[in-house]
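Counting convention: from 1, in listed order, for ligands and their atoms alike.
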Amino acid sequence: MFNALVVEKDEDSGKTSAAVKQIGLDDLPEAEVTVAVEYSTVNYKDGLCIGPGGGLVRKYPHVPGIDFAGTVEESSDARYTPGDKVVLTGWRVGEAHWGGYSQKARVKADWLVPLPEGLSTRQAMAVGTAGFTAMLAVMALEDHGLVPGHGPVLVTGAAGGVGSVATAILAHLGHEVAAVTGRPETEEYLRGLGATKIVAREEINETVKRPLEAETWTGCVDAVGGAMLARVLGQMKYGASVSAVGLAGGAALPATVVPFLLRGVNLLGIDSVMQPYANRLRAWERVAKDLPMDKLEAMVHSATLGDLPGLGRDILKGQVKGRVVVDVNA
Ligand SMILES: NC(=O)c1ccc[n+]([C@@H]2O[C@H](COP(=O)([O-])OP(=O)(O)OC[C@H]3O[C@@H](n4cnc5c(N)ncnc54)[C@H](OP(=O)(O)O)[C@@H]3O)[C@@H](O)[C@H]2O)c1
């Protein structure tokens, strides 16, 4: 028997509750690879799945945790053998399939990647889906012409998980980074990650009538969406790109097409969940190379399985700073 965070649903009230319980190997779903999980993490989606599910979880009881890193214990797939270190992000694990908030997980071999060289399992989870997605967002900007030295790159939701990692990577690559935050108390933290300018959320969160404003940003990693993304589109420099990653501020996009037509602005969609294997490897290799590990450590808090119900509520309220690493064996 081993520990897992199990979410149960009361059929009468429809309410869910999450608690650490003992489960066995026979409870795990059928799949090719059994992993002894070492670390997991907390993303916005985890907040939804620990709580009422947000439409992501279809079946209860459920074990959330969209990311994990650990060691292969058993494998019926030739690509993995016991003792291999592996990482999992995405593929709807932790939502439709049981996830990483458990001392053991069983998943498809296709969903795993070998632990990138130069990263420990703990560091891989300090990165997690949030950091992996930040890297995909930066790579997409680069693929569309972003190079250092042409002006500031904007990061929205900067003190959150995606934003913190994007800030650290972009600064390390030599970009000037402007960080948007609604939490002025995180200024020192964001400057420590390499931001050179702090933009107050309210400065950029309100809708304006003009579809175009001064050309300000040479790129943007946007974790917020909504009115903020609409506003940012009108502030992009000619030909610049925005990687749209998240919807922490809303899913609606109250924008006009004018920035696309008159400034050749590109809006790039970023999805981490179904990302093909080759690009996953490329992104993890870039993380190991371009994310300074001291900056990563500066954004990490440690937690246990028992802390998760509270952390799930916090992240939905936008109150988690940086990244959380969950030691499932603590
Ligand atoms: N596309 C993908 O594959 C993918 C992958 C990972 C995450 N995501 C999405 O990306 C977003 C960020 O994820 P995360 O893990 O970084 O979450 P997070 O740690 O909670 O960060 C989100 C940040 O957005 C800001 N924010 C929150 N509410 C806001 C509001 N109402 N208006 C403006 N800003 C607000 C806050 O930053 P400040 O306090 O600094 O303002 C918050 O820390 C989520 O929507 C998540 O679902 C998408």
Original post:
Would you call Asp327-Arg122 a salt bridge at under 4.0 Å N-O?
Top reply: no

Original post:
Strictly by modelled atom types, are Thr129 and Asp67 linked by a side-chain donor-acceptor pair under 3.5 Å?
Top reply: yes

Original post:
Are side-chain N/O atoms of Thr121 and Glu38 paired as donor and acceptor at under 3.5 Å?
Top reply: yes

**OP:** Look at Arg263 together with Glu215 and state whether they make a salt bridge at an N to O cut-off of under 4.0 Å.
**Re:** yes

Original post:
Taking any residue with a non-hydrogen atom under 4.0 angstrom from an atom of ligand 1, which ones do you get?
Top reply: Tyr44, Thr129, Thr133, Gly157, Ala158, Ala159, Gly160, Gly161, Val162, Val180, Thr181, Gly182, Arg183, Arg201, Ala223, Val224, Met228, Val245, Gly246, Leu247, Ala248, Gly249, Ile270, Asp271, Ser272, Ile315

Original post:
Mind checking whether Trp284 and Phe132 have parallel, tilted or perpendicular rings, split at 30° and 60°?
Top reply: parallel

**OP:** Would you tell me whether Lys85 and Thr71 have side-chain atoms, one donor and one acceptor, within less than 3.5 Å of each other?
**Re:** yes

